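Report on one structure; see the data block that follows.
Predicted, not measured: the structure shown is a model, and the values here were computed from it. The sequence lines fix the lettering, A, B, ..., with proteins before strands; numbering per chain opens at 1.
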Amino acid sequence: MPDGTIDRRVFEELKVTAGADFVGELVDTFLTEAPNMLADLRRALDGNDAERFRRVAHSLKSNSNTFGATSLAAMARNLELGGFGVARTDNTEPLSALANEYTRVAQALTELKRG
Amino acid sequence: MGSRHPLRILLAEDNVVNQKLALRILQQMGYRADLASNGIEAVESVGRQIYDVVLMDVQMPDMDGLDAAREICARWGAHERPRIVAMTANAMQGDREMCLAAGMDDYLTKPIRVERLVEALSQVNPRRTR
């Protein structure tokens with residue numbers, strides 16, 4: 001697992017708080033919901049819906065923090081606070097970068113859930 | 001805690017992961033909660049049923065937690081309404097003040113920490129009537 005994808009300390013703490021089996025289910029829920037959030041962000045950007053864009057970015061940030069997905073949370077936070085300004089002017093195409101980081105997070109969480 | 005200090009709880013939260021985690025933590029404390037998935041539903045639920053406390057997410061679609069808190073405080077007096085505890089993933093300066101200014105009584109940051117939730121719920125007095 002690449003460094004910094006998941007903060008293990010946060011993830012372990014979540015398991016202590018809510019129980020390992022439950023956290024496995026919660027990971028599954030996140031892996032079901034997150035792709036919808038990414039698609040929602042894209043739609044909000046294309047449809048010029050700034051309020052929705054911020055709200056979805058906020059949700060993604062919140063969930064990422066829950067699992068210790070620190071980088072994904074930081075990227076989502078950046079989109080939440082910067083809104084369309086960040087999403088449109090940045091040459092690196094932040095929504096693609098976000099989707100790539102999500103792929104890493106999904107992989108890492110799937111492994112952690114098994115382990 | 002649920003049997004020592006029984007409470008009727010409404011959880012207003014739109015995000016499924018946050019809903020599940022909050023319900024799980026409450027369940028481990030011996031509580032169950034009704035769900036509202038936006039501010040409008042939260043206000044309706046408070047009008048329909050007696051709750052001792054609303055755990056209110058701030059960022060929700062249609063009507064956010066701040067507007068829902070303002071609406072609840074406008075419709076019902078301090079002794080006729082549930083205590084309102086804000087839950088937010090922001091943790092930014094001024095965020096707490098904004099929630100309190102909207103009429104909320106307490107403030108939790110997400111991810112929820114069990115000790116803080118225990119503390120917030122112990123400050124809730126069960127209401128006998130509306």
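Residue B:Gln123 qualifies as enclosed at atom CD: its count of foreign heavy atoms under 6.0 Å is above 12. The environment of CG in A:Asp21 is sparse: at most 12 heavy-atom neighbours from other residues, nucleotides or ligands sit within 6.0 Å.
Among the residues in residues 23-34 of chain B, those with a non-hydrogen atom closer than 4.5 angstrom to a non-hydrogen atom of chain A are B:Arg24, B:Ile25, B:Gln28.
Summarising the geometry, atom CD belonging to A:Glu13 is positioned 8.0 Å from atom CZ belonging to B:Arg113; distances are rounded to the nearest 0.5 Å. The CG atom of B:Asn18 lies 7.0 Å from the OG atom of A:Ser59; values are rounded to the nearest 0.5 Å.
Residue A:Lys61 comes nearest to B:Ala89 through the heavy atom pair NZ-O, 3.3 Å, listed as atom of the first residue, atom of the second, then distance. Between B:Gln59 and A:Arg55 the shortest heavy-atom distance is OE1-CG, 3.6 Å. The two residues A:Leu26 and B:Val17 have their closest heavy-atom pair at CD1-O, 3.6 Å.
Side-chain N/O atoms of A:Ser62 and B:Asn15 include no donor and acceptor closer than 3.5 Å. Side-chain contact annotation: A:Thr29 with B:Lys20, donor-acceptor N/O pair under 3.5 Å present.
Of the atoms belonging to A:Phe22, it is side-chain heavy atoms, and not backbone ones, that fall under 4.5 Å from chain B. Only the side chain of A:Glu80 comes within less than 4.5 Å of a heavy atom in chain B; its backbone stays farther off. For B:Val114, the part sitting under 4.5 Å from any heavy atom of chain A is the side chain, from C-beta outward, and nothing else. Heavy atoms closer than 4.5 Å to chain B are found nowhere in A:Leu31, neither backbone nor side chain.
Tracing side-chain contacts under 4.5 Å through hydrophobic residues (I, L, V, M, F, W, Y), one never reaches B:Val16 starting from B:Ile112; they form parts of separate clusters. Clustering ILVMFWY residues whenever any of their side-chain heavy atoms sit less than 4.5 angstrom apart, transitively, puts A:Met75 in a cluster other than the one holding A:Val10. Hydrophobic cluster membership differs between B:Val58 and B:Leu100, with clusters built from Ile, Leu, Val, Met, Phe, Trp and Tyr side chains linked at under 4.5 angstrom.
Looking at B:Leu21 and A:Thr17, their side chains never come closer than 4.5 Å, going by heavy atoms from C-beta outward.
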